[in-house]
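Numbering of residues begins at 1 and proceeds along the displayed sequence.
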Amino acid sequence: MSKRIYERYLETSVYTYAGAYKDFILSLPDDIPSIGTLVCDQITHPSMYFTEPSAYLEDTYFGKFAFYPKYRFKNEDELYMTAVSMIAGILRLDETGFTKGRDVTKRITVSCRQASVLFSAILKAKGIPCRSRAGFMDFGDAGESYMEHWVNEYWDFHENRWVLADVDGYYEYEQRFGYSQFDLPRRKFVTASEAWLGLRRNTFNKKLDVFSVNLLEGVCEYLFMDFHALMNNEIFYSFQPLYLRGGIQTLHEGQLRELDQLAELLAEPDKNMEQIEHLWATNEKLSVLTNHTQNIYHDIFG
């Protein structure tokens, strides 16, 4: 890979900028598994509070979920969109730092996108090229079903490759599948571009679980999130292009083919980086976003 590409992923965004916490980050361990497990130890996932608690997870990692303060949101994603805000929130709950085995009452409750952003920020501050990726993860090991998920790729200079890592939770923390969650087999993760092109060409034979009612629309949302993440702009879930606010059913075939072309480029981002960057710089329809609040404002004021 060219030096220009991996240097791109040392750059930071508003989400991954370490700011005043850079010295704190530099005080953390330098090896990937230690960094990854520390990130795991500072967060819980919102789903933990809307399902039957696992006695194993409570006893092994978190402590009793029933002790989580009732006045706190059970999904704090909107409070902690940036790495700086996450670090501040973690230290506010326990000023001793990023601690191992942190009790659930001292963790922030955020989902996979936030975990990925925090991990990217730490690695970038330490001089390790890293990028967040949005797509679909096999949380088992048989490839039976893939769920919406954000992961990371970090550049291993010794092996000259992007390494796939997941710092959201403990599903492979103990290497029960024979590999580490900080060096995952590529088969574990379906990129948004692969899913999009497979659905459009009727060649996709994997089961996808998406929160959107429309499968293609759910994949389209992840296609845009992955595009922006590859441009060092790790957008929040509700940020989408204005022309998509009416739903994917409002797009004509020419617009869908434009998304096909985007997906084809994202399928090999390092090979196609110049073309992806050109789209980013010249096609505002793809790069300029809106969110739910802006949609309401647009509907009222035009």
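Considering every non-hydrogen atom in both Arg102 and Arg107, the closest pair reads O-NE, 2.6 Å. Nearest heavy-atom pair, Asp77 versus Val110, reported as atom, atom and distance to 0.1 Å: OD1-CA, 3.2 Å.
The same ILVMFWY cluster, assembled from side-chain heavy atoms under 4.5 Å apart, contains both Val14 and Ile122. Residue Leu10 is not grouped with residue Leu26 when hydrophobic side chains (ILVMFWY) are merged at heavy-atom distances under 4.5 angstrom, including chains of intermediate members.
A salt bridge links Arg201 to Glu264: one of the charged nitrogens lies within less than 4.0 Å of a carboxylate oxygen. Ion pairing between a basic and an acidic side chain is recognised when a charged N comes within 4.0 Å of a carboxylate O; Arg131 and Glu11 show no such pairing. Of the charged side-chain nitrogens involved, at least one lies within less than 4.0 Å of a carboxylate oxygen, so that Arg200 and Glu253 count as a salt-bridged pair. Salt bridge Lys126/Asp31: absent, no basic N to carboxylate O contact under 4.0 Å. A salt bridge does not link Glu153 with Arg161: every distance from a Lys NZ or Arg NE/NH1/NH2 to an Asp or Glu carboxylate oxygen is 4.0 Å or more. By the 4.0 Å N-to-carboxylate-O rule, Glu148 lies too far from Arg113 to be salt-bridged with it.
Using modelled atom types and a 3.5 Å distance limit, the side chains of Tyr154 and Asp183 yield no donor-acceptor pair. Asp166 and His149 share a side-chain donor-acceptor pair at under 3.5 Å.
The main-chain N or O of Val117 is never found under 3.5 Å from a side-chain atom of Glu234 such that the two would form a donor-acceptor pair. Under the 3.5 Å distance criterion, the side-chain polar atoms of Gln42 are matched with a main-chain donor or acceptor of Leu38. In terms of modelled atom types and a separation under 3.5 Å, the side chain of Asp138 and the main chain of Gly143 share a donor-acceptor contact. No donor-acceptor distance shorter than 3.5 angstrom exists from the side chain of Lys124 to the backbone of Thr12, with no hydrogens or angles considered. Judged purely by atom type and a 3.5 angstrom limit, His45 has no side-chain atom pairing as donor or acceptor with the backbone of Met48. Within the 3.5 Å criterion, the main-chain N or O of Leu279 finds no donor-acceptor partner in the side chain of Asn283.
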Would Glu144 and Lys207 count as a side chain to side chain contact (heavy atoms under 4.5 Å, CB included) here? Give the steps. CA-CA 7 Å; Glu144 295 176 348; Lys207 182 179 182 295; over 6 Å; no

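Using a 4.5 Å cut-off on side-chain heavy atoms (C-beta onward), Asn232 and Thr16 make no contact. In this structure, the side chains of Asp209 and Ser145 come closer than 4.5 Å at one or more pairs of heavy atoms. Counting heavy atoms from C-beta outward, Asp141 and Arg187 have side chains that approach closer than 4.5 Å.
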Could you list the donor-acceptor pairs under 3.5 angstrom formed between side-chain atoms of residues 82-93 and any protein atom two or more places apart in sequence or on another chain?
from	atom 1	to	atom 2	distance (Å)
Thr82	OG1	Ser85	N	3.1
Thr82	OG1	Ser85	OG	3.0
Ser85	OG	Thr82	N	3.2
Ser85	OG	Thr82	O	2.8

With a 3.5 Å cut-off and sequence neighbours excluded, list the donor-acceptor pairs that the side chains of residues 223-231 form with protein atoms.
from	atom 1	to	atom 2	distance (Å)
Asp226	OD1	Arg133	NE	2.8
Asp226	OD1	Ala134	N	3.1
Asp226	OD2	Arg133	NE	3.4
Asp226	OD2	Arg133	NH2	2.9
His228	ND1	Asn233	ND2	2.9
His228	NE2	Leu286	O	3.0

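The distance between the ring centers of Tyr9 and Trp162 falls below 6.0 angstrom. Here the two rings, on Phe157 and Tyr6, have centers that are under 6.0 Å apart.
Relative ring orientation between Phe62 and Phe65 is described as tilted, the plane-to-plane angle lying within the 30° to 60° band. Between Tyr237 and Tyr222, the ring planes lie tilted relative to each other; the angle falls in the 30° to 60° range.
The list of ring pair (Phe, Tyr, Trp, His ring centres under 6.0 Å) pairs with a residue in residues 71-125, not counting sequence neighbours, reads Phe24-Phe98.
In Tyr17, the OH atom is not crowded: 12 or fewer heavy atoms of neighbouring residues, nucleotides or ligands sit closer than 6.0 Å.
For the atom pair CG (Asp168) and SG (Cys40), the distance works out to 7.5 Å, reported to the nearest 0.5 Å.
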